[in-house]
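Worksheet: one structure, shown below.
Order of appearance sets the numbers: ligands from 1, and atoms from 1 within every ligand.
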Amino acid sequence: MTIKQGVAPRLRGKRVLCAGRLYCDLVMGGLPTAPIAGQEVYADTLAMTAGGGAYITAAYLVALGREVGLSALIPAEPFAGPIASELAAAGIDLAPCAFAPAGLDPQITVALVMGDDRAFVTRRSGPAVPSDLPDLIAAGGYDHLHIGELATLAEMPDIVARAKAAHMTVSVDCAWDTQVLARGDLVDLLAGADVFLPNRVEAAALARHAPLAAYAPLVVVKNGKNGAEAFAQGHQTHRPALPVKVVDTVGAGDAFNAGFLDRWLDGANLTECLDAGARVASVALARQGGARGVERLARHRAAAE
Ligand SMILES: Nc1ncnc2c1ncn2[C@@H]1O[C@H](COP(=O)(O)OP(=O)(O)OP(=O)(O)O)[C@@H](O)[C@H]1O
Ligand SMILES: [Mg+2]
């Protein structure tokens with residue numbers, strides 16, 4: 001199979017490479033209750049979309065006008081076709097992607113939606129990213145590396161150092177992973193990363209090992225409807241979330257990353273970066289699903305500009 005590439009919007013500025021696991025999300029909506037062992041519950045809706053932080057952040061960065069590549073493995077058949085079509089339509093450069101090796105289970109997340117609550121079951125399968133990611137970084141075609149899950153960095157621990165050697169800046173989202181968050185060496189694992197973006201629950205788990213500020217020169221803690229806080233050079237900057245009628249929280253944190261990083265890569269101050277993150281997150285919150293069909297977004301401008 002080949003991937004038919006969509007037409008990217010007009011792109012500008014620093015080029016970003018997003019790396020991390022790509023999932024096929026099967027979202028079962030309208031469940032009356034959580035499933036109970038030995039019983040059955042029935043969903044009202046079923047949607048199938050691409051998921052995973054690297055892809056969602058990449059799609060929103062493209063929507064903001066950035067040139068973005070994605071280094072990920074496209075889940076195995078029978079899901080490869082629809083997932084590849086969604087990726088191609090997003091305008092992301094898919095040249096760094098590869099198809100999952102034959103014989104692997106498809107990498108799937110089943111999301112069970114019960115009112116405001118949701119539960120996930122995920123089958124991770126095979127490696128997180130194509131094995132040629134280090135070569136791609138060394139080739140020097142990108143200015144910034146964004147790693148969608150700390151677990152991907154744990155799997156390829158030298159990619160931050162390789163990116164720094166290629167004069168790239170680096171950001172890392174955390175994403176919940178009990179085993180990874182229990183590790184005592186996460187400060188060392190993140191050494192060299194410029195921006196680290198956990199959510200509040202992840203930050204609490206990380207703070208058991210070391211003060212948050214030890215993880216990166218700039219740590220941004222996303223805190224749902226309470227907004228987000230940046231920790232840098234001994235200072236804290238808090239900015240609120242935007243009031244929004246929430247349709248679906250899937251991908252809010254990854255969309256926030258895109259808005260924040262887009263302005264950070266342009267050298268904006270932390271207030272502007274946090275506000276841009278909140279604005280792009282609010283777009284994700286007001287629509288169904290991860291990033292499928294995201295429209296071109298106007299770039300954030302501070303009121304004073
Ligand atoms: N209920 C909400 N109302 C308004 N804004 C919200 C709400 N939930 C999330 N946001 C916005 O989205 C941002 C990121 O959300 P959150 O803190 O939930 O990240 P996350 O837990 O990493 O998300 P994800 O589940 O996508 O990984 C917040 O900083 C805020 O701007
Ligand atoms: Mg998150």
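- The contact set between ligand 1 and Lys222, taken as ligand atoms under 4.0 Å from a residue heavy atom, comprises 14 (C), 17 (O), 19 (O), 22 (O).
- For atom 25 (O) of ligand 1, the closest heavy atom belonging to the protein is Thr249 O, 4.6 Å.
- Atom 2 (C) of ligand 1 has its closest protein heavy atom at Lys225 CB, 3.5 Å.
- Those atoms of ligand 1 with a heavy atom of Ala281 less than 4.0 angstrom away are 11 (C), 12 (O), 13 (C).
- Considering backbone and side-chain N/O of Gly253, one or more are found under 3.5 Å from N/O of ligand 1.
- For ligand 1, the atoms lying closer than 4.0 Å to a non-hydrogen atom of Gly251 are 26 (O).
- Residue Gly224 has at least one nitrogen or oxygen atom sitting less than 3.5 Å from a nitrogen or oxygen atom of ligand 1, judged on distance alone.
- In this structure, atom 29 (O) of ligand 1 lies nearest to the protein heavy atom Gly227 O, 3.0 Å.
- Counting heavy atoms closer than 4.0 Å to ligand 1, residue Asn223 contributes backbone atoms (N, CA, C, O) but none from C-beta onward.
- For atom 21 (O) of ligand 1, the closest non-hydrogen atom on the protein side is Asn199 ND2, 2.8 Å.
- We find that Arg279 and Asp262 are not joined by a salt bridge, their nearest charged nitrogen and carboxylate oxygen being 4.0 Å or further apart.
- The atoms of ligand 1 that sit less than 4.0 Å from any heavy atom of Ala278 are 31 (O).
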